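Remarks on the structure that follows.
Just so it is clear, the model here is predicted, and its values are computed rather than measured.
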Amino acid sequence: MRFVIVTGMSGAGKSTALKSLEDMGYFCVDNLPVVLIDKFIELISDRYFDQDKIAVGVDIRSGETLGDLNDVLNKMRENKFNFEILYLDASNKTLVKRFKETRRDHPLTSGGSIENGINEERKRIAFLSNLADYTVDTSNLLTRELKAEIIKIFSMDKDYNNMIVTVMSFGYKFGIPQDADYVFDVRFMPNPYYEEELRRKTGNDEEVREYVMNAPESREFLDQLSKMIGFLIKEFNEKEGRHQLIIGIGCTGGRHRSVTIANLLYEKLSELPYSFRVFHRDVANDTYVKGEA
């Protein structure tokens with residue numbers, strides 16, 4: 001039997017995770033009171049219960065009894081009952097934004113400051129973060145990307161690494177992404193904007209990719225950058241315990257050169273044992289095409 005405890009910060013995507021597990025054939029129970037977990041385990045251990053994949057959602061909604069969960073987990077270990085903990089997290093900025101967009105109250109705010117409620121929640125569930133087998137930072141994940149991570153963890157027979165790396169292209173004229181951990185400038189590369197037949201295309205088009213990468217300096221930069229980023233990812237993950245890293249690649253308008261390099265860097269890094277995604281922040285911005293660069 002595979003028994004998964006889904007927990008983490010409110011607004012980080014626990015409902016999506018449970019729904020994904022349910023779609024994968026898990027018997028899911030959300031917001032199960034801590035005091036009933038023992039009884040629930042007795043029930044599912046009965047030989048007449050034919051489910052072999054179980055997921056239980058436990059979080060701050062348990063109130064003061066959440067603190068008793070550590071004792072429950074210790075008892076499960078003593079009884080040699082195997083379980084895994086999936087912890088979903090997101091930055092405070094992201095969580096505040098999500099609560100404002102959905103107009104939901106945070107469980108600990110009672111009409112007060114959302115951020116204060118988030119900070120208090122972090123303190124109360126810190127022990128679960130430390131015990132987690134899998135931590136997924138959903139700050140920059142779309143719903144479908146979170147579902148893909150859940151499938152990767154619980155469906156594919158592969159070792160899962162908690163680090164999620166986002167390679168983001170952007171245009172300097174639209175501002176440097178505030179959440180980027182590292183930013184690299186590729187404005188020294190040949191600019192397809194000045195080629196009439198390439199101007200309306202993007203770095204997602206083969207013609208633009210070939211134009212940019214035909215320059216020796218572009219190829220050398222990509223080779224050196226991929227090696228350095230590969231090194232940094234490993235160091236941050238193993239020594240700093242980071243679960244997310246955002247790499248910004250910028251050119252003037254975020255349409256040609258940065259998109260090309262972001263795509264190629266993503267392809268090179270994807271060979272490493274981490275989760276990667278590529279995101280083009282400004283590729284669809286029309287002002288660049290209209291000659292306002």
Side-chain angles (χ1 to χ4, degrees), residues 91 94 136-146 148-149 152 161 163-195 198-237 242-289 292-293:
S91 67
T94 299
V136 179
D137 189 320
T138 68
S139 300
N140 294 285
L141 295 185
L142 301 174
T143 298
R144 59 178 172 79
E145 293 172 329
L146 173 55
E149 291 300 311
K152 188 181 300 181
N161 192 294
M163 174 72 87
I164 297 177
V165 181
T166 299
V167 182
M168 178 194 303
S169 70
F170 70 93
Y172 276 96
K173 66 182 294 183
F174 304 115
I176 297 174
Q178 297 300 306
D179 51 353
D181 296 288
Y182 290 96
V183 172
F184 297 93
D185 191 338
V186 297
R187 287 176 290 186
F188 65 89
M189 296 180 181
N191 192 352
Y193 175 82
Y194 296 108
E195 301 295 329
L198 298 179
R199 181 173 300 177
R200 294 185 177 278
K201 295 182 182 294
T202 75
N204 291 321
D205 295 305
E206 187 61 33
E207 302 94 319
V208 171
R209 177 183 293 205
E210 290 180 357
Y211 181 87
V212 173
M213 298 310 296
N214 190 48
E217 62 268 29
S218 299
R219 297 193 296 273
E220 178 68 16
F221 176 83
L222 178 63
D223 182 58
Q224 296 297 331
L225 180 62
S226 61
K227 291 176 182 177
M228 183 178 70
I229 296 300
F231 170 80
L232 290 173
I233 291 172
K234 183 175 183 293
E235 293 300 303
F236 270 111
N237 184 238
R242 290 279 294 273
H243 302 301
Q244 179 174 227
L245 199 66
I246 301 177
I247 311 298
I249 308 293
C251 64
T252 305
R255 185 176 178 86
H256 298 111
R257 294 166 290 181
S258 62
V259 174
T260 294
I261 297 301
N263 284 339
L264 291 172
L265 181 62
Y266 168 79
E267 291 175 10
K268 280 181 170 288
L269 295 177
S270 293
E271 300 174 0
L272 300 176
Y274 305 96
S275 293
F276 293 91
R277 63 190 291 264
V278 63
F279 171 62
H280 303 303
R281 193 191 71 177
D282 300 320
V283 71
N285 199 305
D286 290 335
T287 59
Y288 192 60
V289 179
E292 299 178 15

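- The shortest side-chain heavy-atom distance between L222 and M213 falls under the 4.5 Å cut-off.
- With 3.5 Å as the limit, one finds a donor-acceptor pair spanning the side chains of S275 and E149.
- No donor-acceptor distance shorter than 3.5 angstrom exists from the side chain of E220 to the backbone of E217, with no hydrogens or angles considered.
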Which is it for I229 and F184 under the side chain to side chain contact (heavy atoms under 4.5 Å, CB included) test, yes or no, and what are the steps along the way? CA-CA 11 Å; I229 296 300; F184 297 93; 3.8 Å; yes
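- Aromatic rings of Y172 and F170 (six-membered ring for Trp) have centroids within the 6.0 Å cut-off, being under it.
- Side-chain atoms of R255 come within 3.5 Å of backbone N or O of R200 as a donor-acceptor pair.
- A distance-only check finds a donor-acceptor pair linking the side chain of D137 to the backbone of S139 [under 3.5 Å].
- Looking at heavy atoms from C-beta onward, F174 lies in side-chain contact with R281 at the 4.5 angstrom threshold.
- By the 4.5 Å heavy-atom criterion applied to side chains, I233 and Y274 are counted as neighbours.
- R219 places a side-chain N or O within 3.5 Å of a backbone atom of N214 that can act as its donor or acceptor partner.
- Using a 4.0 Å cut-off between a side-chain N of Lys or Arg and a carboxylate O of Asp or Glu, R209 and E267 qualify as a salt bridge.
- In this structure the side chain of Y211 never reaches within 4.5 angstrom of the side chain of M189, judged on heavy atoms.
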